[in-house]
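Beneath this line is the structure, given in structure tokens, with notes to follow.
The chains referred to below are lettered A, B, ... by the order of the sequence lines, with proteins before strands, and numbering in each begins at 1. Computed from heavy atoms alone, side chains included, the values below leave out hydrogens, waters and symmetry copies.
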Amino acid sequence: MPDASTARAFHVPEKPTVDGLEGTWAERWDAESTYRFDRSTSRAEVYSIDTPPPTVSGELHIGHVFSYTQGDVVARFWRMRGKNVFYPMGWDDNGLPTERRVENYFGVRCDPALPYDAGFTPPEKPSKDKVSISRRNFVELCHRLTAVDEEAFKHLWRYLGVSVDWTLEYTTISPEAQAISQRGFLNMLERNDVYSSVAPTLWDIDFRTAVSQAELEDRERPGTYHRVAFTRSDGAGTIDIETTRPEMLPSCVALVAHPEDERYRDLFGSTVVTPLFKVEVPVLAHELADPEKGSGIAMICTFGDTTDVTWWRELQLPTRALIGRDGRYLPADFSGSEFPSLEPDSANELYGRIEGGTVNQARATIVDALRDSGELIGDTRDIVHPVKFYEKGERPLEIVTSRQWFVKTLEHRDELLARGEELHWFPDYMKHRYRSWVEGLNLDWNISRQRFFGVPFPVWYPVDDAGEIEFDHPLLPSLDQLPIDPSSHVPAGYEESQRNQPGGFSGDPDVMDTWATSSLSPEIAGHWGSELFDLVYPMDLRLQAHEIIRTWLFSTVVRSHLEFHDVPFRNVLISGWVLDPNRKKMSKSVGNVVTPMPLLEQHGADALRYWATSGRPGTDTAIDEGQMKIGRRLSIKILNASKFVLGRLDGTELLDPSDVTNPLDQDLLSLLGLLVTDTTKSFEHYDYARVLERTESFFWSFCDNYVELVKTRAYGEGEETDTRSARATLQIALSVLQRLFAPTLPFVSEEVWRWWHDGSVHQASWPSLEELGTLSERPGSVYQPVCDALEAVRREKSTAKVSQRAAVARLIVAAPEEIATALRAGANDLRSAGNVTELIIEDANELRIEVVLETV
RNA sequence: GGGCGCUUAGCUCAGUUGGUUAGAGCAGCUGAUUUACACUCAGCAGGUCGGGGGUUCGAGUCCCUCAGCGCCCACCA
């Protein structure tokens, strides 16, 4: 036998069941280290896998089960194929979602200004009024809750049978992950791949943090066009613009129209005066101005939207930013140089009414004032238009000027596109998503977040004698000091007492975006800096869902390209979404999110895996309990068929292909050979769904036709060589089928395998053609005609509404020579399976089958 | 506006490089029944392959076009 384990006396239970297999085998696999990665290996022997560290912020959902199962099936195939599979598991336990969960779970809020309270205990029941606690207390609660969540996640994973090596478990907030993340950052800083600057930044006013382009989403929102009159400085009348954001008027720095626009061409270079605030601004030309939109001329404000940022940058306009980090209006003086109003008193009076207010309040005030001044032209017009939101946010993003760290992506666009082409995508068309994302980049990647539970930037800054922070001369730790927290560690040459003092130092207050850390998942999982890393990097496989191509996949490619001038992984397996039974996307707000544990307990892990494996790569798939039931039924069939076949076999006797002498048996193995070739090829192309489909289909035919045909022969009736041939075929076929099912249905496959083997099926070798002996040139040429004849017999009995065991007095088959020969070879089996008394096979040109039932 | 995918039986989906009469499961219907398995077995019925055009001896499959659904990207004032 080619199997890794040895056969021995069979132990088949009286009443096999699929219930409880998950607990039993998860424990055994742990105890036997079935999935342990062997470090004494070479890169060529390794198959390494990079899976997403799920966000630890509550419960895993069914989408995780779906995606990870697809990856696990592939992992199990390569393991059986002889690869040394490196399959770690990580948890992404820092970042906003985790903070959000901790705030709600304990009823707390982080206030970095507060001192640490060593005796703090969170309220027994979280109330709506959140308790403010120090950063250190907050981080402690984060660690406490994520530890609990991670145990629950791990339990689910083992129950599902994900074949990770749990000794390789990692978390993104662990000291090692932080050290790697900080090392990656310092390397980028040294290479000048990352920079900090004060710049307009996409800002969520509720979370009070910057967000990156990748975290944007458009949502349709109602808006209103207001037509507003600007006065020409030359006194030649007014120019109307249309805007949905009249509240940005005090931030206006210019008007802009298309360079070719006849209507405004003569105005370029001239100036106009803004309504209400009476600030003189230039009229400029830029190609992004759309003559079709509104009146064809737009106002540029700092900053109403991302186009404003582009115009501001490219036209080198002044900054008149007025919206603060809390979304409220900052103080401004219209008599100064920053806001040079021609009528400062009235401008300041009006501004005084909106200062400190929200955007909505300001809009109402300004629209009223425009109406009063006569500068609002005509009626307003309600529209619905896309507005940019943080994907987890509730209010529209503002653009706020702040200091942030950016990774240079724009200047590497072409190289990043080329890296995308280097990857092997499954399905292939998913590469378009990567490409269109990279082509559409318009901002460098902002990796700093003004939050608390994350990897800190390993940077301090000197504070000059005047108390100003010198951002341009950061103080850096050495690599062997990592990880560090600049808010509690002190840079070399300074004392803690000098923190935030003139002549002292100040720590960078921000933390890294969660993607900035998870973009290093291959480095973290592979322990960058150790010998292990060279064995596993670049990874062989990245598994993930399509929705995070622009975030996780993109950012991982960026980091790998900048650090190693290579791709981070060779193959990308993209999974689809799980849709609810009505084919709608699941979301918390709709309330149609399904948690997997109840389904797992009801149907069993193999059944859920069966459903998940039926979803092809990249394809969105609806939850379908019907599919799970079919998976469960298949598992039970595998138990029963294995029990039956092993019951036909003689205890310990191991047979091999040389015992297979009967033409029907040889043909069955030839067909099995086709299946082995097909499934192997499919797996090599990550088509796990096809493997299951083909194997399942073969298996049912094997049970219903082949086993029925050779039942009596295998019992020992008739010639001894024929009995031996049937038993050898049953044994070989069963062994192959159990192994073909093993990646998809690991629990039931392991159960039946262990009835007759000592080792695990998951360490057995993937079936090969060699173990099937000499294969026919024309597979199916014997088996198929015999099955057809058997089917004719069954049809006759079914039509006559008699038992399938009813006797057939005479079965007459007239057939062309080849078929007749096949039937003669299978005549004994056909007779016994059909309970046929007299079988007559004649040569004829046309196939003709006559079934004469025995009259009672 | 640009791009990608999907459209095959009531439902969920297979259909390899174009090749006999288009397949499976579920649901439906008709039966069988001390059986390895009722979480069973056998059988039946159900489709002008989204519409139109083209290439070809031959198209579910290739090309063009239209429509519907879903998604991705976009500088939406």
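In this pair, A/F554 and A/Y434 present their aromatic rings tilted. The plane angle is within the 30 to 60° band. Relative ring orientation between A/Y783 and A/Y706 is described as tilted, the plane-to-plane angle lying within the 30° to 60° band. Relative orientation of the A/Y686 and A/F426 rings is tilted, given thresholds of 30° and 60° on the angle between their planes.
Side-chain nitrogen and oxygen atoms of A/R550 include at least one within less than 4.0 Å of the OP1 or OP2 phosphate oxygen of B/C73. Neither OP1 nor OP2 of B/C4 sits under 4.0 Å from any side-chain N or O of A/H546.
Candidate nucleotides B/C73, B/G43, B/C75 were compared by shortest atom distance to the side chain of A/K388, and B/C75 ranks first. Set against B/C44, B/A14, B/C71, the side chain of A/R616 has B/A14 as its closest nucleotide. When each of B/C13, B/A36, B/A77 is scored by its nearest atom to the side-chain atoms of A/N640, the top-ranked nucleotide is B/A36. Considering only the side chain of A/W577, B/C72 comes nearest among B/C75, B/A77, B/C72. Side-chain atoms of A/Y225 lie closest to B/A77 of the nucleotides B/C75, B/A77, B/C44. The side chain of A/K637 sits closest to B/U40 out of B/U40, B/U16, B/A77. The side chain of A/R694 lies closest to B/A14, out of B/A14, B/A42, B/U34.
Under a 4.0 Å N-O distance rule, the pair A/R713/A/D829 qualifies as a salt bridge. The pair A/D580-A/R583 fails the salt-bridge criterion, with no side-chain N (NZ, NE, NH1 or NH2) lying under 4.0 Å from an Asp/Glu carboxylate O. The pair A/D678-A/R690 counts as a salt bridge, with a side-chain nitrogen and a carboxylate oxygen less than 4.0 angstrom apart. With respect to the salt-bridge test (charged N to carboxylate O, under 4.0 angstrom), the residues A/E398 and A/R245 qualify. The residues A/E242 and A/K293 are annotated as not salt-bridged, no charged nitrogen and carboxylate oxygen being separated by less than 4.0 angstrom.
Distance check on atom C1': B/C76 versus B/U8 gives 39 Å, rounded to whole Å. Taking atom C1' in both B/U16 and B/G70, one finds a spacing of 27 Å when rounded to whole Å. Across B/U34 and B/U20, the matching P atoms stand 41 Å from one another, rounded to whole Å. Using atom C1' as the reference point in both B/C13 and B/G47, the two lie 14 Å apart (nearest Å). For the P atom pair drawn from B/C4 and B/G58, the interatomic distance equals 31 Å after rounding to whole Å. Between B/G15 and B/G5, the distance separating the two P atoms is 16 Å to the nearest Å. Between the C1' atoms of B/G18 and B/G60, the separation comes to 10 Å (whole Å). Comparing the C1' positions of B/U56 and B/G19 gives a spacing of 12 Å, expressed to the nearest Å.
Across all strands shown, A/Q213 has heavy atoms under 4.0 Å from sugar-phosphate atoms exclusively, and none from any base. Contacts of A/T244 with the nucleic acid, taken as non-hydrogen atoms under 4.0 Å apart, involve only primed sugar atoms and P, OP1 or OP2. A/C703 comes within 4.0 angstrom of a nucleotide base, judged by non-hydrogen atoms across all strands. Here A/E547 lies out of heavy-atom contact (under 4.0 Å) with every strand. Note on A/W700: only backbone sugar-phosphate atoms sit closer than 4.0 angstrom, heavy atoms only; bases stay farther off. A/T243 comes within 4.0 angstrom of sugar-phosphate atoms only, judged by non-hydrogen atoms across all strands, and of no base. Here A/A806 lies out of heavy-atom contact (under 4.0 Å) with every strand.
Here A/W611 and A/H603 keep their ring centres 6.0 angstrom or further from each other. Ring pair A/W755/A/F10: centre-to-centre distance not below 6.0 Å.
A cation-pi geometry, defined here as NZ or CZ lying under 6.0 Å from the six-membered ring centre and within 45° of its normal, holds between A/R648 and A/F644. Geometrically, A/R542 does not engage A/W425 in a cation-pi contact defined by less than 6.0 Å to the ring centre and at most 45° from the axis.
Comparing A/E292 and A/F644 by the nucleotide of RNA chain B whose heavy atom lies nearest to each, the residue mapping closer to the 5' end is A/F644. Toward the 5' end of RNA chain B, the nearer of the two residues A/S614 and A/D19, judged by each one's closest nucleotide, is A/S614.
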Nucleic acid footprint by protein, nucleotides 22-31 of chain B - heavy-atom cut-off 4.0 Å, B for base, S for sugar-phosphate alone: ---SS---SS
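Rounding to whole angstrom units, CG of residue A/D704 and C1' of B/A42 are separated by 9 Å. Residue A/E846 contributes atom CD, which lies 14 Å from atom C1' of B/U20 at whole-angstrom precision. B/G5 atom P lies 18 Å from atom CZ of A/R583, rounded to whole Å. Atom pair A/H385:NE2 and B/C75:P shows a separation of 15 Å (rounding to whole Å applied). The nearest whole Å value for the distance from the CZ atom in A/R805 to the P atom in B/G43 is 16 Å. Following rounding to the nearest Å, A/I548 (CD1) and B/C73 (P) show an atom-to-atom distance of 13 Å. A/D620 places its CG atom 10 Å from the C1' atom of B/C6, with the value rounded to the nearest Å. Across the protein-nucleic acid pair, A/L853 atom CG and B/G43 atom P stand 14 Å apart, rounded to whole Å.
Within the model, atoms CH2 of A/W700 and OG1 of A/T695 stand 14.0 Å from one another, a figure rounded to the nearest 0.5 Å.
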Watson-Crick or G-U pairs under 3.5 Å in RNA chain B, rendered as dot-bracket with [ ] for crossing pairs and | for another strand: (((((((..((((.....[...)))).(((((.......))))).....(((((..]....))))))))))))....
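Listed for the A/T613 side chain is a donor-acceptor partner under 3.5 Å among the backbone atoms of A/R609. In this structure, A/Q213 contributes its side chain and A/N442 its backbone to a donor-acceptor pair below 3.5 Å.
For RNA chain B, the neighbouring residues in residues 429-446 of chain A, judged by any heavy atom under 4.0 Å, are A/Y429, A/H432, A/R433, A/S436, A/W437, A/G440, A/N442.
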